[in-house]
Amino acid sequence: MQDILVKDIANHLGTEVRLKGWVRNIRHSGKLLFIIFRDGSAEVQAVAFKPELGEEIFEGAKRLTLESSLIITGIPKEHQKKAGEYELAVTGIQIVQIADEYPISKKEHGPDFLLSNRHLWIRSPKQWAILRIRHTVYFAICEYLNDNNFFRFDSPILTPNACEGTTTLFELEYFDEGMAYLSQSGQLYLETGIMSLGRVYDFGPVFRAERSKTRKHLTEFWMMDAEAAYVEHEENMDIQEGLIRHVIRKVLATCDKELDILERDKELLKAADAPFKRMTHFEAIEYLRSQGSEIDHDSDLGATDEVLLTEGSAVPVFIEKWPKNIKAFYMRRAPEDENLVLGSDLIAPEGFGEIIGGSERETDYEALLARMKEEKMDLDAYQWFLDLRKYGSVPHSGFGIGLERLVTWMSGTHHIRETIPFPRMIYRIYP
RNA sequence: UCCGGAAUAGCUCAGCGGUAGAGCGGGUGGCUGUUAACCACUAGGUCGGGGGUUCGAAUCCCUCUUCCGGAGCCA
């Protein structure tokens, strides 16, 4: 007998097969018993009829509890009540383990309880769907970059110094070398990679010790940083746009069922796959002020500003050319105004907020040095970074995507904590 | 860190000064097509901790703890 996955059940109608998985739900009414069976790939209703199955197997099956593990044999056939779906006529059941009373019931639960039971919660249909979309988004990003001549270049997670600022780092003792820090971005290391490989990206966990407490923040999240030699500001945004649109198309093409489970509005995703809007920070502030905001031209955008800027827009919006004093030291000054830098933030529609931060980088040694002095950075610690501007400096640009932010948008999830298997937040380190 | 809110059965919640409740989940029984199945019975509580007011506190007051939502910071 052939072992198959539930997702392939339509290819085996009428022939006995074997499936290995778990009980999602079980119902019985005298001589008839229904098991909602899942195996990771999909779910199917298995139907057991006592007169056909025999007393012993049937009574054994009635002992099954929620999330019990079992190996089931049966004959796939069309669902008697739902057109276009399939069910399994059970011929045999091998119980692997009878599960204890399962903590996650079929009714509603609060977030604290679910997060404390995250190791079990991930089995629930919506979490299953989100994790599969995460997988799809992750590989879609890599696929686009690989197809556009980027090479994977993993930056270190343990670092001797801050990338930007020093207030947001987790620190630890590093043997006899003093303090080391968990990386909050691989970007500076990535800039070294382009001089070797031309275009590079990293993808891994980064850490921010900020005491953030919102639905958009995690203390540990996965970031993809990309960096490309001889790419300037405009092309940098073109690459970002191409990448995001590739991800949208990939998710729509391969995660149809997952999006249905999550009740995600697919039309909104389809509409976002069109040319992105671009506006300067100056234009954004002017617009916000015209809408009644009292924000001034030297300010960063707040959460409500981001929502306002994308309201009514089907596509993401780039905000570019920022005042230099509210952006990072390494961004290149705009040629037309030395108080502006060639940075861009990409804001997702539907209120999902910033998903990418990017910029063209400063290439001039003296200009970079001056900015680092202004920021009172430890120049000795960054000599390697300054060296890049001495040995074959070229125009270059890069950007960073927060994987979970992108998954939150794609899946239409309310809170970012559901888009990573084990979220790390200010008040949450278990499980 | 700041501003709000919450804590009552395993879970989700109601009760808001006068004998501790419901639904789900658990247990027992019933049912040949169930869809968060249904029906009957049943077990299950230091009302977050401490202090106070009161004849009487889950309920009012103070305090602590924990968590949730939002802001700032950012992806």
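Owing to the predicted nature of the structure, the values given are computational and were not obtained by experimental measurement. Numbered from 1 within each chain, the chains take letters A, B, ... in sequence-line order.
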Peer 1: Hunt down the Watson-Crick or G-U wobble partner of B:U46, both distances under 3.5 Å, from any strand shown, or write none.
Peer 2: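 Paired with no nucleotide.
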Peer 1: Find the partner of B:C38: check Watson-Crick (N1-N3 plus N6-O4 or O6-N4) and G-U wobble (N1-O2, O6-N3) distances, both under 3.5 Å, and reply none if neither fits.
Peer 2: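 Pair assignment: B:C38 / B:G30.
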Peer 1: In terms of ring plane angle, is the pair A:Y430 and A:H119 parallel, tilted or perpendicular, where the classes change at 30° and 60°?
Peer 2: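 It falls in the perpendicular class, over 60°.
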Peer 1: Less than 4.5 Å apart, side chain to side chain, heavy atoms only: is that true for A:P111 and A:H415?
Peer 2: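 Contact flag for A:P111/A:H415 side chains = no.
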Peer 1: Out of the candidates A:R199, A:H396, A:E360, only one should pair with A:V231 under the side chain to side chain contact (heavy atoms under 4.5 Å, CB included) rule; please name it.
Peer 2: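 Among A:R199, A:H396, A:E360, the one that satisfies the side chain to side chain contact (heavy atoms under 4.5 Å, CB included) with A:V231 is A:R199.
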Peer 1: Can you check the A:E67 CD to B:G10 P distance for me, whole Å?
Peer 2: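 Checked: the CD to P distance equals 22 Å.
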Peer 1: I need the CG-C1' distance between A:D100 and B:G25, as an integer number of Å.
Peer 2: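 Roughly 14 Å, once rounded to whole Å.
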Peer 1: When we call it a touch if two heavy atoms are under 4.0 Å apart, what does A:E354 touch: a base, just sugar-phosphate, or nothing?
Peer 2: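 If one applies the 4.0 Å heavy-atom cut-off, A:E354 turns out to touch the sugar-phosphate alone, with no base involved.
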Peer 1: Go ahead and name the base partner of B:G4; Watson-Crick or wobble counts if both distances stay under 3.5 Å, otherwise write none.
Peer 2: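 Because both required distances fall under 3.5 Å, B:G4 counts as paired with B:C68.
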Peer 1: Establish whether the base of B:G27 is bridged to the side chain of A:E101 by a donor-acceptor pair shorter than 3.5 Å.
Peer 2: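 By the distance-only test, no, there is no pair.
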Peer 1: Less than 3.5 Å apart, any donor N or O on the side chain of A:T65 or A:S68 sitting next to an acceptor on the other?
Peer 2: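 Looking only at side-chain atoms, A:S68 and A:T65 do form a donor-acceptor pair, the distance falling under 3.5 Å.
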Peer 1: Does A:P349 reach the side chain of A:W409, with side-chain heavy atoms less than 4.5 Å apart?
Peer 2: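 Touching, per the 4.5 Å side-chain cut-off.
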Peer 1: Round to the nearest Å and state the distance from A:E306 atom CD to B:G70 atom P.
Peer 2: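 Answer to the nearest Å: 14 Å.
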Peer 1: What does A:K213 touch in the nucleic acid at a heavy-atom separation under 4.0 angstrom: a base, only the sugar-phosphate, or nothing?
Peer 2: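 Touches a base.
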Peer 1: Let's see if you can work this out: which of B:A75, B:U12, B:C73 has an atom nearest to the side-chain heavy atoms of A:L218?
Peer 2: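 Closest nucleotide to the A:L218 side chain: B:A75.
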Peer 1: Taking CE from A:M223 and C1' from B:C73, how many angstroms apart are they, rounded to a whole number?
Peer 2: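 Value for this atom pair: 14 Å.
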Peer 1: Where the side chain of A:H109 is concerned, which of B:G69, B:C11, B:A75 is the nearest nucleotide?
Peer 2: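 Between B:G69, B:C11, B:A75, the one nearest the side chain of A:H109 would be B:C11.
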Peer 1: Mind calculating the distance between NZ (A:K81) and P (B:U32) to the nearest angstrom?
Peer 2: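 A:K81 atom NZ is separated from B:U32 atom P by 14 Å.
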Peer 1: If you measure from CZ on A:R152 to CE on A:M224, what distance do you get to the nearest 0.5 Å?
Peer 2: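 One finds 10.0 Å between CZ of A:R152 and CE of A:M224.
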Peer 1: Looking at B:G33, B:U32, B:A71, which one has an atom nearest to any side-chain atom of A:T214?
Peer 2: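 Minimum distance to the A:T214 side chain belongs to B:A71.
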Peer 1: Nearest 0.5 angstrom please: A:Q94 CD to A:I71 CD1, how far?
Peer 2: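 Rounded to the nearest 0.5 Å, the CD-CD1 separation comes out at 4.0 Å.
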Peer 1: Under 3.5 Å, is there a donor-acceptor pair between the A:Y330 and A:E191 side chains?
Peer 2: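 Distance-only check fails for A:Y330 and A:E191.
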Peer 1: Is A:R417 touching bases, backbone alone, or none of the nucleic acid, heavy atoms closer than 4.0 Å?
Peer 2: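 Sugar-phosphate contact only - A:R417 comes under 4.0 Å of backbone atoms but never of a base.
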Peer 1: Starting at CD of A:Q184 and ending at P of B:A75, how long is that distance when rounded to a whole Å?
Peer 2: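 From A:Q184 CD to B:A75 P: 9 Å.
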Peer 1: For B:G70 and A:R215 - does any side-chain N or O of the residue sit under 4.0 Å from the phosphate oxygens OP1/OP2?
Peer 2: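 Yes, because at least one side-chain N or O of A:R215 sits under 4.0 Å from OP1 or OP2 of B:G70.
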Peer 1: Expressed in angstrom and rounded to an integer, what is the separation of A:D305 atom CG from B:A71 atom P?
Peer 2: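 Spelled out: CG on A:D305 to P on B:A71 is 11 Å.
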Peer 1: OP1 or OP2 of B:C74 sitting under 4.0 Å from any side-chain N/O of A:R208?
Peer 2: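 Checking B:C74 against A:R208, no side-chain N or O comes under 4.0 Å of OP1 or OP2.
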Peer 1: How would you label the contact of A:F113 with the nucleic acid (heavy atoms, under 4.0 Å): base, sugar-phosphate, or nothing?
Peer 2: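 The residue A:F113 makes sugar-phosphate contact but no base contact.
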Peer 1: Heavy atoms within less than 4.0 Å of RNA chain B: which residues of residues 287-303 of chain A have one? Give them sorted by number.
Peer 2: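 Contacts with RNA chain B under 4.0 Å: A:D300, A:G302, A:A303.
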Peer 1: Between B:G69 and A:H415, is there an OP1 or OP2 to side-chain N/O distance shorter than 4.0 Å?
Peer 2: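 Looking at the OP1 and OP2 atoms of B:G69, one of them is under 4.0 Å from a side-chain N or O of A:H415.
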Peer 1: Both distances below 3.5 Å, Watson-Crick or wobble geometry, any strand: find the nucleotide opposite B:C24.
Peer 2: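 Looking at the geometry, B:C24 pairs with B:G10.
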Peer 1: Considering only B:A75, B:U34, B:G33, which nucleotide approaches the side chain of A:H217 most closely?
Peer 2: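 The answer is B:A75, which lies nearest to the side chain.
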Peer 1: Does A:Q45 reach a base, just sugar-phosphate, or nothing at all? Heavy atoms under 4.0 Å.
Peer 2: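 Base: the residue A:Q45, judged by heavy atoms under 4.0 Å, touches a nucleobase.
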Peer 1: Pairing check on B:C16: which nucleotide meets the Watson-Crick or G-U wobble criteria with it, both distances under 3.5 Å?
Peer 2: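 The answer is none; no pair meets the criterion.
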Peer 1: Heavy atoms under 4.0 Å, any strand shown: does A:F49 hit a base, just sugar-phosphate, or nothing?
Peer 2: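 Counting heavy atoms under 4.0 Å across all strands, the contact made by A:F49 includes a base.
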Peer 1: Ignoring hydrogens and angles, answer whether the base of B:C73 and the side-chain atoms of A:S212 contain a donor-acceptor pair closer than 3.5 Å.
Peer 2: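 Result: at least one qualifying N/O pair found.
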Peer 1: If I take atom OH in residue A:Y102 and atom C1' in nucleotide B:U12, what distance separates them, rounded to the nearest angstrom?
Peer 2: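 One finds 17 Å between C1' of B:U12 and OH of A:Y102, rounded.
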Peer 1: What does B:C73 pair with, Watson-Crick or G-U, if both distances are under 3.5 Å?
Peer 2: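 Pairing partner: none.
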Peer 1: B:C74 base to A:R405 side chain: any donor-acceptor pair below 3.5 Å?
Peer 2: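 Pair found.
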Peer 1: Within the 4.0 Å heavy-atom criterion, would you say A:E52 contacts the bases, only the backbone, or no part of the nucleic acid?
Peer 2: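 Touches nothing.
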